[in-house]
Amino acid sequence: METSTEGVADTADESTARADAPTPDPTAPPTGVDTADIPAPAATTEAEPEPEVQRPVAIAPASLSPSRAGDFMQCPLLYRFRVIDRLPEKPSEAATRGTLVHAVLERLFDAPAAERTAPRAKSLVPGQWDRLRESRPEVVELFADDPEGERLARWLGEAEQLVERWFTLEDPTRLEPVERELFVEAVLDSGLKLRGIIDRVDVAPTGEVRIVDYKTGKAPRPEYAEGALFQMKFYALVVWRLKNVVPRRLQLVYLGSGDVVTYDPVLADLERVERKLHALWEAIREATETGEWRPRPTKLCGWCDHQAHCPEFGGTPPPYPLPVRGAVPDAAGGPGVVPRAEQAVPVRAAESGGVPQGRMGPD
(Lines give C-alpha, C1' and ligand atoms only; values in the text may rest on other atoms or scores of the structure.)
Protein backbone atom coordinates (compact mmCIF):
# COMPACT_ATOMS: atom_id res chain seq x y z
CA MET A 1 0.00 0.00 0.00
CA GLU A 2 1.35 3.35 -0.94
CA THR A 3 0.22 5.15 2.15
CA SER A 4 0.47 8.72 3.23
CA THR A 5 3.52 7.78 5.25
CA GLU A 6 5.03 6.80 2.09
CA GLY A 7 7.18 9.45 3.29
CA VAL A 8 10.01 9.37 0.82
CA ALA A 9 8.03 8.65 -2.29
CA ASP A 10 5.33 11.10 -1.45
CA THR A 11 7.79 13.59 -0.03
CA ALA A 12 10.00 13.34 -3.06
CA ASP A 13 7.04 12.88 -5.34
CA GLU A 14 5.20 15.83 -6.75
CA SER A 15 2.12 14.72 -4.85
CA THR A 16 3.28 15.60 -1.39
CA ALA A 17 3.61 19.24 -2.11
CA ARG A 18 -0.06 19.44 -1.13
CA ALA A 19 1.03 18.96 2.49
CA ASP A 20 3.09 22.13 2.41
CA ALA A 21 1.96 24.96 4.62
CA PRO A 22 0.11 27.71 2.75
CA THR A 23 2.23 30.64 1.65
CA PRO A 24 1.70 33.62 4.00
CA ASP A 25 0.34 36.81 2.49
CA PRO A 26 3.28 39.25 2.41
CA THR A 27 0.88 42.17 1.90
CA ALA A 28 -0.86 41.64 5.24
CA PRO A 29 0.00 44.12 8.03
CA PRO A 30 2.40 42.89 10.72
CA THR A 31 0.69 41.24 13.64
CA GLY A 32 1.14 42.43 17.21
CA VAL A 33 2.01 46.00 16.19
CA ASP A 34 -0.12 49.04 16.98
CA THR A 35 -0.06 51.16 13.82
CA ALA A 36 -0.61 54.26 15.97
CA ASP A 37 2.97 53.83 17.23
CA ILE A 38 4.36 54.03 13.70
CA PRO A 39 5.20 57.64 12.75
CA ALA A 40 3.80 58.87 9.47
CA PRO A 41 6.42 59.46 6.78
CA ALA A 42 7.42 63.02 6.05
CA ALA A 43 5.61 64.68 3.16
CA THR A 44 8.84 64.97 1.21
CA THR A 45 9.72 61.32 1.60
CA GLU A 46 9.43 59.34 -1.60
CA ALA A 47 7.05 56.43 -1.32
CA GLU A 48 8.94 53.16 -1.20
CA PRO A 49 8.03 50.63 -3.87
CA GLU A 50 5.60 48.00 -2.69
CA PRO A 51 7.26 44.68 -1.95
CA GLU A 52 6.82 42.05 -4.62
CA VAL A 53 4.03 39.66 -3.77
CA GLN A 54 5.32 36.18 -3.09
CA ARG A 55 3.40 33.76 -5.24
CA PRO A 56 2.92 30.07 -4.59
CA VAL A 57 5.10 27.75 -6.58
CA ALA A 58 3.27 25.47 -8.98
CA ILE A 59 4.96 22.16 -9.59
CA ALA A 60 4.75 20.72 -13.08
CA PRO A 61 4.45 16.91 -12.99
CA ALA A 62 7.91 15.39 -13.18
CA SER A 63 7.40 11.77 -12.13
CA LEU A 64 4.75 9.15 -11.64
CA SER A 65 3.92 7.00 -8.62
CA PRO A 66 1.27 4.27 -8.36
CA SER A 67 -0.99 6.53 -6.30
CA ARG A 68 -0.81 9.41 -8.74
CA ALA A 69 -1.23 7.11 -11.74
CA GLY A 70 -4.33 5.77 -10.02
CA ASP A 71 -5.58 9.31 -9.41
CA PHE A 72 -5.35 10.20 -13.09
CA MET A 73 -7.05 7.01 -14.20
CA GLN A 74 -9.81 7.60 -11.65
CA CYS A 75 -10.28 11.31 -12.43
CA PRO A 76 -7.87 13.66 -14.27
CA LEU A 77 -9.23 16.64 -12.34
CA LEU A 78 -8.45 14.91 -9.03
CA TYR A 79 -4.86 14.43 -10.25
CA ARG A 80 -4.66 18.15 -11.03
CA PHE A 81 -6.04 19.13 -7.61
CA ARG A 82 -3.50 16.93 -5.82
CA VAL A 83 -0.38 17.35 -7.95
CA ILE A 84 -0.58 20.82 -9.48
CA ASP A 85 -2.94 22.84 -7.27
CA ARG A 86 -1.86 20.98 -4.13
CA LEU A 87 -5.21 21.51 -2.49
CA PRO A 88 -5.28 20.45 1.17
CA GLU A 89 -7.07 17.27 2.14
CA LYS A 90 -8.41 16.30 5.53
CA PRO A 91 -7.00 13.17 7.13
CA SER A 92 -9.41 10.25 7.36
CA GLU A 93 -9.69 7.64 10.08
CA ALA A 94 -9.31 4.77 7.61
CA ALA A 95 -6.20 6.13 5.89
CA THR A 96 -4.59 7.15 9.18
CA ARG A 97 -5.28 3.72 10.66
CA GLY A 98 -3.58 2.21 7.62
CA THR A 99 -0.57 4.43 8.17
CA LEU A 100 -0.42 3.40 11.82
CA VAL A 101 -0.65 -0.34 11.06
CA HIS A 102 2.05 -0.07 8.41
CA ALA A 103 4.36 1.63 10.91
CA VAL A 104 3.78 -1.13 13.48
CA LEU A 105 4.47 -3.94 11.00
CA GLU A 106 7.63 -2.19 9.84
CA ARG A 107 8.94 -1.65 13.38
CA LEU A 108 8.19 -5.20 14.49
CA PHE A 109 11.05 -6.49 12.35
CA ASP A 110 13.48 -4.47 14.47
CA ALA A 111 13.05 -7.17 17.13
CA PRO A 112 14.81 -10.55 16.99
CA ALA A 113 12.78 -13.21 15.19
CA ALA A 114 11.72 -15.06 18.35
CA GLU A 115 10.27 -11.85 19.83
CA ARG A 116 8.05 -11.01 16.86
CA THR A 117 4.81 -11.99 18.54
CA ALA A 118 1.27 -10.66 18.33
CA PRO A 119 1.33 -9.21 21.89
CA ARG A 120 4.57 -7.39 21.13
CA ALA A 121 3.17 -6.03 17.88
CA LYS A 122 0.00 -4.79 19.61
CA SER A 123 2.12 -3.14 22.28
CA LEU A 124 3.76 -1.03 19.57
CA VAL A 125 0.48 0.61 18.58
CA PRO A 126 0.34 3.37 21.26
CA GLY A 127 3.95 4.42 20.71
CA GLN A 128 3.59 4.52 16.93
CA TRP A 129 0.41 6.57 17.32
CA ASP A 130 2.36 9.07 19.43
CA ARG A 131 5.06 9.25 16.76
CA LEU A 132 2.47 9.74 14.05
CA ARG A 133 0.87 12.62 15.94
CA GLU A 134 4.27 14.27 16.31
CA SER A 135 5.18 13.93 12.65
CA ARG A 136 1.70 14.78 11.33
CA PRO A 137 -0.11 16.98 13.88
CA GLU A 138 -3.13 17.30 11.59
CA VAL A 139 -4.24 13.75 12.47
CA VAL A 140 -5.11 14.96 15.97
CA GLU A 141 -8.10 16.70 14.39
CA LEU A 142 -9.66 13.30 13.78
CA PHE A 143 -10.57 13.01 17.46
CA ALA A 144 -10.97 16.67 18.39
CA ASP A 145 -14.66 16.05 19.19
CA ASP A 146 -13.88 13.03 21.39
CA PRO A 147 -13.00 14.57 24.77
CA GLU A 148 -13.52 11.32 26.68
CA GLY A 149 -11.30 9.39 24.27
CA GLU A 150 -13.89 6.67 23.67
CA ARG A 151 -13.80 6.88 19.88
CA LEU A 152 -9.99 7.05 19.89
CA ALA A 153 -9.79 3.95 22.10
CA ARG A 154 -12.12 2.08 19.75
CA TRP A 155 -10.10 3.21 16.73
CA LEU A 156 -6.82 2.09 18.31
CA GLY A 157 -8.46 -1.23 19.17
CA GLU A 158 -9.39 -1.69 15.51
CA ALA A 159 -5.74 -1.06 14.57
CA GLU A 160 -4.66 -3.71 17.08
CA GLN A 161 -7.12 -6.19 15.56
CA LEU A 162 -5.65 -5.63 12.09
CA VAL A 163 -2.14 -6.14 13.44
CA GLU A 164 -3.19 -9.32 15.23
CA ARG A 165 -4.87 -10.70 12.10
CA TRP A 166 -1.60 -10.41 10.23
CA PHE A 167 -0.18 -13.21 12.37
CA THR A 168 -2.81 -15.59 10.94
CA LEU A 169 -1.58 -14.79 7.41
CA GLU A 170 2.21 -14.66 7.79
CA ASP A 171 4.75 -15.83 10.34
CA PRO A 172 7.21 -13.00 11.01
CA THR A 173 9.49 -15.31 13.00
CA ARG A 174 10.35 -17.01 9.69
CA LEU A 175 10.81 -13.81 7.68
CA GLU A 176 13.89 -11.65 7.34
CA PRO A 177 12.99 -8.87 4.92
CA VAL A 178 15.89 -7.33 3.05
CA GLU A 179 13.97 -4.08 2.77
CA ARG A 180 11.09 -2.38 4.55
CA GLU A 181 9.36 0.80 3.35
CA LEU A 182 11.81 0.87 0.45
CA PHE A 183 11.86 3.95 -1.75
CA VAL A 184 12.51 3.03 -5.37
CA GLU A 185 12.98 5.27 -8.37
CA ALA A 186 13.85 4.46 -11.97
CA VAL A 187 14.04 6.49 -15.15
CA LEU A 188 12.80 4.72 -18.26
CA ASP A 189 14.53 5.04 -21.63
CA SER A 190 11.88 7.58 -22.61
CA GLY A 191 12.87 9.80 -19.69
CA LEU A 192 9.75 9.04 -17.64
CA LYS A 193 10.63 8.84 -13.94
CA LEU A 194 8.79 6.23 -11.87
CA ARG A 195 8.90 6.16 -8.09
CA GLY A 196 7.16 4.66 -5.12
CA ILE A 197 7.56 2.94 -1.77
CA ILE A 198 7.40 -0.84 -1.37
CA ASP A 199 6.16 -2.08 2.00
CA ARG A 200 8.42 -5.13 2.14
CA VAL A 201 10.93 -6.95 -0.03
CA ASP A 202 11.85 -10.58 0.70
CA VAL A 203 14.72 -12.35 -1.07
CA ALA A 204 15.01 -16.14 -0.98
CA PRO A 205 18.42 -17.81 -0.47
CA THR A 206 18.26 -18.73 -4.15
CA GLY A 207 17.82 -15.06 -5.10
CA GLU A 208 14.12 -14.88 -6.02
CA VAL A 209 12.51 -11.56 -5.07
CA ARG A 210 9.07 -11.23 -3.50
CA ILE A 211 7.36 -7.84 -3.24
CA VAL A 212 4.81 -7.59 -0.42
CA ASP A 213 2.19 -4.92 0.12
CA TYR A 214 -0.07 -4.61 3.17
CA LYS A 215 -3.69 -3.52 2.71
CA THR A 216 -5.76 -2.68 5.76
CA GLY A 217 -9.02 -2.94 3.82
CA LYS A 218 -10.78 -5.98 2.44
CA ALA A 219 -9.78 -7.87 -0.68
CA PRO A 220 -11.73 -6.61 -3.71
CA ARG A 221 -14.02 -8.79 -5.74
CA PRO A 222 -12.21 -10.52 -8.63
CA GLU A 223 -13.57 -8.06 -11.20
CA TYR A 224 -11.90 -5.20 -9.29
CA ALA A 225 -8.64 -6.97 -8.41
CA GLU A 226 -6.70 -5.60 -11.38
CA GLY A 227 -6.41 -2.15 -9.78
CA ALA A 228 -4.40 -3.44 -6.84
CA LEU A 229 -2.33 -5.68 -9.12
CA PHE A 230 -1.53 -2.65 -11.28
CA GLN A 231 0.21 -1.07 -8.28
CA MET A 232 2.24 -4.23 -7.70
CA LYS A 233 3.17 -4.55 -11.37
CA PHE A 234 4.24 -0.92 -11.26
CA TYR A 235 6.66 -1.78 -8.43
CA ALA A 236 7.84 -4.87 -10.30
CA LEU A 237 8.54 -2.75 -13.38
CA VAL A 238 10.63 -0.31 -11.33
CA VAL A 239 12.59 -3.17 -9.74
CA TRP A 240 13.19 -4.73 -13.15
CA ARG A 241 14.40 -1.47 -14.68
CA LEU A 242 16.43 -0.62 -11.60
CA LYS A 243 17.99 -3.98 -10.79
CA ASN A 244 17.45 -6.03 -13.96
CA VAL A 245 15.49 -8.52 -11.84
CA VAL A 246 11.93 -9.64 -12.53
CA PRO A 247 10.34 -10.31 -9.12
CA ARG A 248 9.32 -13.92 -8.67
CA ARG A 249 6.13 -13.07 -6.77
CA LEU A 250 3.86 -10.12 -5.99
CA GLN A 251 1.91 -10.54 -2.77
CA LEU A 252 -1.00 -8.50 -1.41
CA VAL A 253 -1.88 -9.07 2.24
CA TYR A 254 -5.42 -7.89 3.03
CA LEU A 255 -5.67 -7.45 6.78
CA GLY A 256 -9.29 -6.30 6.65
CA SER A 257 -10.58 -9.61 5.29
CA GLY A 258 -7.71 -11.98 6.06
CA ASP A 259 -6.88 -12.75 2.42
CA VAL A 260 -3.52 -13.14 0.69
CA VAL A 261 -3.47 -12.57 -3.06
CA THR A 262 -0.39 -13.54 -5.07
CA TYR A 263 0.65 -13.06 -8.66
CA ASP A 264 3.77 -14.30 -10.42
CA PRO A 265 4.69 -11.77 -13.11
CA VAL A 266 6.52 -12.47 -16.34
CA LEU A 267 8.49 -10.05 -18.43
CA ALA A 268 5.60 -9.53 -20.86
CA ASP A 269 3.48 -8.24 -17.94
CA LEU A 270 6.04 -5.59 -17.12
CA GLU A 271 6.42 -4.54 -20.73
CA ARG A 272 2.64 -4.08 -20.99
CA VAL A 273 2.61 -1.96 -17.83
CA GLU A 274 5.46 0.13 -19.21
CA ARG A 275 3.51 0.83 -22.39
CA LYS A 276 0.43 1.72 -20.36
CA LEU A 277 2.42 4.13 -18.19
CA HIS A 278 3.90 5.82 -21.25
CA ALA A 279 0.42 6.37 -22.66
CA LEU A 280 -0.78 7.63 -19.27
CA TRP A 281 2.14 10.02 -18.97
CA GLU A 282 1.52 11.36 -22.47
CA ALA A 283 -2.08 12.11 -21.47
CA ILE A 284 -0.86 13.86 -18.32
CA ARG A 285 1.62 15.95 -20.31
CA GLU A 286 -1.11 16.92 -22.77
CA ALA A 287 -3.44 17.98 -19.96
CA THR A 288 -0.62 19.92 -18.28
CA GLU A 289 0.12 21.87 -21.44
CA THR A 290 -3.49 22.58 -22.41
CA GLY A 291 -4.96 23.00 -18.92
CA GLU A 292 -7.75 20.59 -19.86
CA TRP A 293 -8.33 18.44 -16.78
CA ARG A 294 -11.73 16.83 -17.13
CA PRO A 295 -13.62 15.40 -14.17
CA ARG A 296 -14.65 11.77 -14.38
CA PRO A 297 -17.66 11.19 -12.10
CA THR A 298 -17.82 7.83 -10.33
CA LYS A 299 -19.17 6.45 -7.07
CA LEU A 300 -15.86 7.46 -5.48
CA CYS A 301 -16.81 11.14 -5.82
CA GLY A 302 -18.69 10.85 -2.53
CA TRP A 303 -15.36 10.51 -0.70
CA CYS A 304 -13.59 13.36 -2.51
CA ASP A 305 -12.42 16.37 -0.49
CA HIS A 306 -12.60 18.68 -3.50
CA GLN A 307 -16.30 18.82 -4.35
CA ALA A 308 -16.33 22.58 -3.68
CA HIS A 309 -13.89 23.02 -6.59
CA CYS A 310 -15.41 20.41 -8.92
CA PRO A 311 -17.75 21.44 -11.75
CA GLU A 312 -19.68 18.19 -11.29
CA PHE A 313 -20.81 19.54 -7.91
CA GLY A 314 -21.31 23.14 -9.01
CA GLY A 315 -17.83 24.22 -7.96
CA THR A 316 -15.14 26.14 -9.81
CA PRO A 317 -11.52 24.94 -10.00
CA PRO A 318 -8.85 27.42 -8.89
CA PRO A 319 -7.23 29.50 -11.67
CA TYR A 320 -4.85 27.21 -13.54
CA PRO A 321 -1.37 28.05 -12.23
CA LEU A 322 0.74 26.80 -15.16
CA PRO A 323 1.31 28.34 -18.61
CA VAL A 324 -1.15 27.06 -21.19
CA ARG A 325 -0.12 26.12 -24.70
CA GLY A 326 -1.73 28.31 -27.33
CA ALA A 327 -2.69 31.06 -24.88
CA VAL A 328 -1.17 33.85 -27.03
CA PRO A 329 0.04 33.89 -30.64
CA ASP A 330 3.74 33.76 -31.36
CA ALA A 331 5.56 36.18 -33.64
CA ALA A 332 4.43 34.24 -36.71
CA GLY A 333 0.82 34.40 -35.66
CA GLY A 334 0.65 30.74 -34.74
CA PRO A 335 -0.04 29.14 -31.39
CA GLY A 336 2.38 30.06 -28.65
CA VAL A 337 2.75 30.04 -24.89
CA VAL A 338 2.25 32.58 -22.16
CA PRO A 339 5.44 34.67 -21.77
CA ARG A 340 7.28 33.81 -18.55
CA ALA A 341 6.83 37.34 -17.22
CA GLU A 342 3.06 36.93 -17.49
CA GLN A 343 2.79 33.50 -15.90
CA ALA A 344 0.53 33.40 -12.87
CA VAL A 345 3.17 31.69 -10.74
CA PRO A 346 6.75 30.51 -11.08
CA VAL A 347 7.08 26.90 -12.18
CA ARG A 348 9.54 24.26 -11.11
CA ALA A 349 9.76 20.50 -11.32
CA ALA A 350 9.86 18.25 -8.30
CA GLU A 351 13.31 16.92 -7.49
CA SER A 352 14.53 13.55 -6.34
CA GLY A 353 16.18 13.08 -2.98
CA GLY A 354 18.80 10.56 -4.11
CA VAL A 355 17.57 7.88 -1.70
CA PRO A 356 19.31 4.47 -1.79
CA GLN A 357 17.46 2.01 -4.01
CA GLY A 358 17.62 -1.24 -2.05
CA ARG A 359 19.68 -4.38 -1.87
CA MET A 360 17.98 -6.87 -4.17
CA GLY A 361 19.85 -7.74 -7.33
CA PRO A 362 22.85 -5.99 -8.89
CA ASP A 363 23.35 -2.24 -8.48
Side-chain angles (χ1 to χ4, degrees), residues 1-7 9-10 66-67 70 89-111 113 115-136 138-143 146 149-175 177 179-182 196-202 210-221 224-225 227-229 231-232 235 250-263 300 303:
M1 169 181 177
E2 196 177 3
T3 66
S4 50
T5 58
E6 299 162 354
D10 264 0
S67 294
E89 296 183 351
K90 297 177 182 178
S92 72
E93 289 190 18
T96 305
R97 183 170 51 238
T99 298
L100 175 60
V101 170
H102 274 70
V104 169
L105 299 186
E106 180 191 4
R107 292 276 70 85
L108 181 66
F109 284 103
D110 291 340
E115 299 177 19
R116 298 171 194 160
T117 63
R120 181 185 181 93
K122 291 169 62 178
S123 73
L124 295 175
V125 170
Q128 291 304 312
W129 170 235
D130 290 340
R131 292 185 60 183
L132 183 58
R133 287 185 300 171
E134 292 174 3
S135 61
R136 295 176 54 195
E138 68 272 15
V139 301
V140 178
E141 300 172 10
L142 290 170
F143 304 101
D146 182 35
E150 294 179 1
R151 191 156 55 86
L152 172 60
R154 184 167 59 252
W155 181 82
L156 290 172
E158 292 168 351
E160 290 179 356
Q161 290 173 9
L162 292 172
V163 168
E164 191 169 29
R165 182 171 292 151
W166 177 59
F167 285 82
T168 68
L169 306 175
E170 296 190 286
D171 182 359
T173 65
R174 303 181 63 183
L175 296 172
E179 301 291 352
R180 291 170 276 153
E181 296 294 316
L182 171 67
I197 284 187
I198 302 173
D199 289 346
R200 198 180 85 217
V201 179
D202 302 329
R210 177 172 63 184
I211 295 176
V212 180
D213 193 77
Y214 306 121
K215 301 290 186 185
T216 50
K218 297 179 180 180
R221 294 199 299 268
Y224 299 111
L229 281 178
Q231 174 190 356
M232 301 302 285
Y235 292 145
L250 310 178
Q251 180 166 305
L252 289 155
V253 181
Y254 287 96
L255 303 176
S257 57
D259 294 299
V260 175
V261 177
T262 62
Y263 182 82
L300 297 175
W303 285 271

Nearest 0.5 Å please: distance from the [atom1] atom of [X] over to the [atom2] atom of [Y].
X	Y	atom1	atom2	result
Leu229	Tyr224	CG	OH	15.5 Å
Leu108	Arg120	CG	CZ	7.0 Å
Arg180	Arg107	CZ	CZ	6.0 Å
Arg165	Glu160	CZ	CD	13.5 Å
Phe167	Thr117	CZ	OG1	6.0 Å
Leu252	Asp259	CG	CG	10.5 Å

Item to complete: Report the C-alpha separation of Leu255 and Val101 in whole Å, then their side-chain angles, then the decisive distance to 0.1 Å, and conclude whether the side-chain contact (heavy atoms from CB on, under 4.5 Å) test is met.
Response: CA-CA 10 Å; Leu255 303 176; Val101 170; 3.7 Å; yes
Discussion item. Test side-chain contact (heavy atoms from CB on, under 4.5 Å) on Val201 and Arg210; report intermediate values, then the result.
Written reply: CA-CA 6 Å; Val201 179; Arg210 177 172 63 184; over 6 Å; no
Any side-chain heavy-atom pair from [X] and [Y] closer than 4.5 angstrom?
X	Y	value
Ser92	Trp303	no
Leu132	Thr99	yes
Val260	Gln251	yes
Val253	Lys215	no
Trp155	Leu100	yes
Ile198	Glu179	no

For residues 124-131, dump all side-chain donor-acceptor pairs below 3.5 Å to protein atoms at least two apart in sequence or in another chain.
unit_1: Asp130; atom_1: OD1; unit_2: Arg133; atom_2: NH2; d: 2.4

If you compare all heavy atoms of [X] against all heavy atoms of [Y], which two are closest, and at what distance to 0.1 Å?
X	Y	value
Gln231	Pro66	CG-CB, 3.8 Å
Asp171	Leu175	O-CG, 3.5 Å
Arg200	Asp202	NH2-OD2, 2.8 Å
Tyr254	Ala228	OH-CB, 3.3 Å
Ala118	Glu164	CB-CG, 4.4 Å
Leu152	Asp146	N-OD2, 2.8 Å

Discussion item. Working note: Arg151 + Glu93, criterion side-chain contact (heavy atoms from CB on, under 4.5 Å); need CA distance, chi angles, decisive distance, verdict.
Written reply: CA-CA 11 Å; Arg151 191 156 55 86; Glu93 289 190 18; 2.4 Å; yes
Practice prompt. Step by step, work out the side-chain contact (heavy atoms from CB on, under 4.5 Å) result for Glu170 and Tyr214.
Written response: CA-CA 11 Å; Glu170 296 190 286; Tyr214 306 121; 3.9 Å; yes
Fill in: side chain to side chain contact (heavy atoms under 4.5 Å, CB included), paired with Arg97, selected from Leu156, Leu162, Thr216, Leu142
Leu162
